[in-house]
Amino acid sequence: MCECSKIHLFEVEFKLDGMIVVPTHKNCGFALNEKQSDKFQKDLVKSWGMQVEEE
């Protein structure tokens, strides 16, 4: 798991882990943890100009 303090959109790449696509941090090469993954998803949707649906 990636323990980097701050993740930016341009620092994330996607790698295959078996048949699953996993977002990983380019600098350290580890998969994002749950908190980082949630923040990345929100930032990505925001950058696309879409509104996030609240559950």
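- Among residues at least two apart or in separate chains, salt bridge (charged side-chain N to carboxylate O under 4.0 Å, His left out) pairs with a member in residues 7-18 are Glu13-Lys15.
- You'll find the side chain of Val21 reaches within 4.5 Å of the side chain of Leu16, heavy atoms only.
- With sequence neighbours left out, Asp43 forms a side chain to side chain contact (heavy atoms under 4.5 Å, CB included) with Leu9, Lys39.
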Solution key, residues 27-36 side-chain donor-acceptor pairs under 3.5 Å, sequence neighbours excluded:
unit_1	atom_1	unit_2	atom_2	d
Asn33	OD1	Lys35	N	3.3
Asn33	OD1	Gln36	N	2.8
Asn33	ND2	Cys2	O	3.4
Gln36	OE1	Asn33	N	3.1
Gln36	NE2	Cys4	O	2.8

